2 protein chains.
Amino acid sequence: MNMLPVREVVVTPVAFPDPPLLNSAGVHQPWALRAVIQVRTADGTTGLGETYGDAPHLSLLNRAAGALDGLDAFDLAGLRARIADAIGTVDAPDRHGLTGGSTADKTLSKVVSPFEVALLDIQGKAIGRPVHDLLGGKVRDRVPFSAYLFYKWAGHPGAEPDAWGEALDPAGIVAQARAMIDRYGFSSIKLKGGVFPPEEEIAAIRALRDAFPELPLRLDPNAAWTPSTSIKVAEQTDGLLEYLEDPTGGLAGMAEVAALAPMPLATNMCVVAFADLPEAIMRDSVQIVLADHHYWGGLRASAELAAMCRVWGLGVSMHSNSHLGISLAAMTHLAAATPNLTYAVDTHTPWQSGVDVLVEPLAITEGAAIVPDGPGLGVTLDEDALARLHENWLHTDIRERDDTAYRQRFEPDYVKRRPRW
Amino acid sequence: MNMLPVREVVVTPVAFPDPPLLNSAGVHQPWALRAVIQVRTADGTTGLGETYGDAPHLSLLNRAAGALDGLDAFDLAGLRARIADAIGTVDAPDRHGLTGGSTADKTLSKVVSPFEVALLDIQGKAIGRPVHDLLGGKVRDRVPFSAYLFYKWAGHPGAEPDAWGEALDPAGIVAQARAMIDRYGFSSIKLKGGVFPPEEEIAAIRALRDAFPELPLRLDPNAAWTPSTSIKVAEQTDGLLEYLEDPTGGLAGMAEVAALAPMPLATNMCVVAFADLPEAIMRDSVQIVLADHHYWGGLRASAELAAMCRVWGLGVSMHSNSHLGISLAAMTHLAAATPNLTYAVDTHTPWQSGVDVLVEPLAITEGAAIVPDGPGLGVTLDEDALARLHENWLHTDIRERDDTAYRQRFEPDYVKRRPRW
């Protein structure tokens, strides 16, 4: 095969409708921002990537995009080196802080990620192989995802209620779970917590347990609790939870909780980059790492993370932010090729309002996505849909995700506090 | 691309002349044993691998070979699974113990390795890409190797002296270094120790320092010393050594030495499988891991090891046993794609007597091998040479490497003792 030099890189910011989902930082804005990456090589092969669409990140993506001309699609080491040169040492943290702390290295990994996915897509298309073959081969044909429940308002203030309706108490959460499971067949359930006082969220977990006696349950308050509150909640949910996710912030606090909690702790907030692993392991802060290729540096880096988890006896699953179908496909390939991914993967797919940038997004049926075996990611961009979602972006004035400011618009006294309880 | 199902696997035991190199287990026998693996897929593509040729290993290789029919060349996860099924839980330790302890998992990794290399060779050939492209892309065009000095007899007892001649004292070692560097241009030097009392080996290191004031030096006694002897040697070689390799055995002993040694410790004996890493890191037993794809499970597993070393701040280089050109090519591709491989790699190439199974083995000039950019490993099997080396194997009665028994033939009182001093 000849070289596959990159000739064109297009970064398209998009926005798609997002329901008012509540979390410990505030509430989701009416539009979720993403960026779609298209990389084209000289032979006309196009690779796709997807990542965050916040303005500071977008600016780095564009800087990176300008540095890739002539890069061979197999040269992933060169990809990171070129992007590092292009963006320099810069730290672009998220305003919401829902994916933990930020460093220059994590920022670099975030910028590299969608381009790495796009290059793997190109590699796969060029050789006629699915991306999972480039990650060592699939070990499963179906990737299980979990139902991702949120407390939510009926609709965005001033707008009609959305199809999911309100969920502000245990009954609302159970109804949401029922609707989501009816539609997608999920066989495990995650509740995003950190919204109401812990007793109320424990009550919701109990209600879910009653309604779905067989399904594994998880609770994720996004570090809304102190260590001592976390320990109390852990004791009160003994036997109810498959794992407790990020009850409190930081490796020290998590270690304090982990030492007493009867269930394993999972995280996507205190172990968010390779540099966090040594201390996390030394302290035994977490038992399960929720990988996220969007900030770990791509699919190969996430596979390396999984290998480390295997060696140090940590469980592995996968974190999700609001996303479209390119990310879902990338996550599915990665999960398919990760032998020790032993928990159902998180996804925001049900909250996506059926909008996508793909001709035929992966479907989740019976709680799982069928692993695509076509070349590359196995998905096709819908140019018209991309244009429509880019129009959305042009017409919204949201340029950075800020769940806190949006909530404050309706509740002026609201403050983001972590821990809150 | 269509599937690339494996249709034929040939395991050929070979033997090639080996000089009487001394080490802490005894002395090299007149023939070094290797096994050459040829894997052919349905389309006629052949991939090459190379590994140990000892009888117990050979028997496992043959069992593995029989289990690969129909396996797709990209299915590396399936490769390991099939071989695990085929050989079951079995532990085949080396008699010499020069690569540390053994477990069923390490045995499995040793059996998988040459097949993985052969499948990567096939993948590369099928897509027209070098193996380093399958490992993330090369980060260097030349891979530096180190001069690997041995105390040695002039020749095997009863035979003529070989071209390298005797080296049993500092002057002999310096002369050997001079000859080897004149020929290959190495710019770092490793002395295999553990043969003479430590004072004599320290004297050899001092002589090397005087003769080659600029070149980094390493000393590897293969765990011949107690921790306290190791500490004394470390103090006496302060400022002389780039690293001290496996002065003593075991993670506890190494940690004791590491705490006081002024230079970093390297190992290929106490960290020999992923399962060793957590304790080694917890104890700070070693500062540099010498990877060896032959027992770590192949090139991708070794790349994972290198990623772990990067995260935990360990240095990485590469260990060598007597080998032929297929292994040299595999090591070169791996080293080319390993960003944090920051030390010159060990190789026994100079001791190979010019014999090989390749049409044109990689040359080491100016101390480095040029990274091959042709498809796959970029090397071609010489069928006639393979047949000749297989004839050697048929005609020798050596079926397992046993440096100790061979030395005892000439020195009946010799016993292998680790530690000896």
Side-chain angles (χ1 to χ4, degrees), chain A residues 1-4 71-81 105 116 119-120 123-140 273-282 297-298 300-301 303-314 336-340 373 375, chain B residues 1-4 71-81 105 116 119-120 123-140 273-282 297-298 300-301 303-314 336-340 373 375:
Chain A
M1 181 186 305
N2 294 327
M3 293 292 104
L4 288 167
L71 178 74
D72 177 56
F74 277 83
D75 188 6
L76 301 175
L79 174 72
R80 193 172 176 100
D105 192 63
E116 189 241 21
L119 292 190
L120 289 172
Q123 291 181 20
K125 286 173 175 164
I127 70 174
R129 289 280 180 165
V131 164
H132 56 72
D133 268 358
L134 301 169
L135 301 172
K138 69 177 175 182
V139 295
R140 52 182 67 84
F274 289 106
D276 298 323
L277 282 170
E279 188 184 339
I281 286 167
M282 201 178 58
R300 286 175 57 105
E304 283 180 352
L305 167 63
M308 294 176 202
C309 289
R310 183 193 75 225
V311 170
W312 273 270
L314 296 171
T338 305
N340 55 328
D373 286 327
Chain B
M1 182 186 305
N2 293 328
M3 293 289 103
L4 289 167
L71 177 75
D72 176 55
F74 277 82
D75 188 5
L76 301 176
L79 173 73
R80 192 171 176 102
D105 193 62
E116 190 241 20
L119 293 190
L120 289 172
Q123 291 181 19
K125 285 173 175 165
I127 70 174
R129 287 280 181 165
V131 164
H132 58 71
D133 268 357
L134 301 168
L135 301 172
K138 68 177 177 182
V139 294
R140 53 182 66 85
F274 289 105
D276 298 323
L277 281 170
E279 187 183 341
I281 286 166
M282 200 178 59
R300 286 175 58 105
E304 284 180 353
L305 167 63
M308 295 176 200
C309 289
R310 182 192 77 224
V311 170
W312 272 270
L314 295 171
T338 306
N340 55 329
D373 286 327

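All chains are named by letter (A, B, ...) in the order of the sequence lines, taking the proteins before the strands, and each is independently numbered beginning at 1. The analysis underlying the following values was restricted to heavy atoms, covering all of them including side chains, and did not include hydrogens, waters or symmetry mates. In this text, all values refer to a predicted model and were calculated from it rather than measured experimentally.
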Residue part contacting chain B, namely of A/M3, when any heavy atom lies under 4.5 Å:
both
List the atom of B/G124, the atom of B/P375, and the distance in Å for their closest heavy-atom pair.
O-CB, 3.8 Å
Backbone N or O of B/D373 within a donor-acceptor pair of the B/R129 side chain at under 3.5 Å?
no
Could you check which of A/G128, A/A275, A/G137 has the highest count of heavy-atom pairs closer than 4.5 Å to chain B?
A/G128
Looking at A/A303, A/P278, A/A126, which one has more heavy-atom pairs under 4.5 Å with chain B than the rest?
A/P278
Under a 4.5 Å heavy-atom cut-off, does chain B meet the side chain of A/L120, its backbone, both or neither?
neither
Hey, which of B/L79, B/V139, B/V311 has the most heavy atom pairs under 4.5 Å with chain A?
B/V311
Note: B/L76 and B/E116 closest approach over all heavy atoms is CD2-CG, 4.1 Å
In terms of heavy-atom contacts, A/R300 and B/L134 come closest through NH1-O, 3.6 Å
Got a salt bridge between B/D105 and B/R80, using NZ or NE/NH1/NH2 to carboxylate O under 4.0 Å?
yes
Under the 3.5 angstrom rule, does the side chain of A/D133 hit a backbone N or O of A/P130 as a donor-acceptor pair?
no
Proximal component of A/L119, with respect to chain B [non-hydrogen, under 4.5 Å]:
neither
What part of B/D72 gets closer than 4.5 Å to chain A, counting heavy atoms only: side chain, backbone, both or neither?
side chain
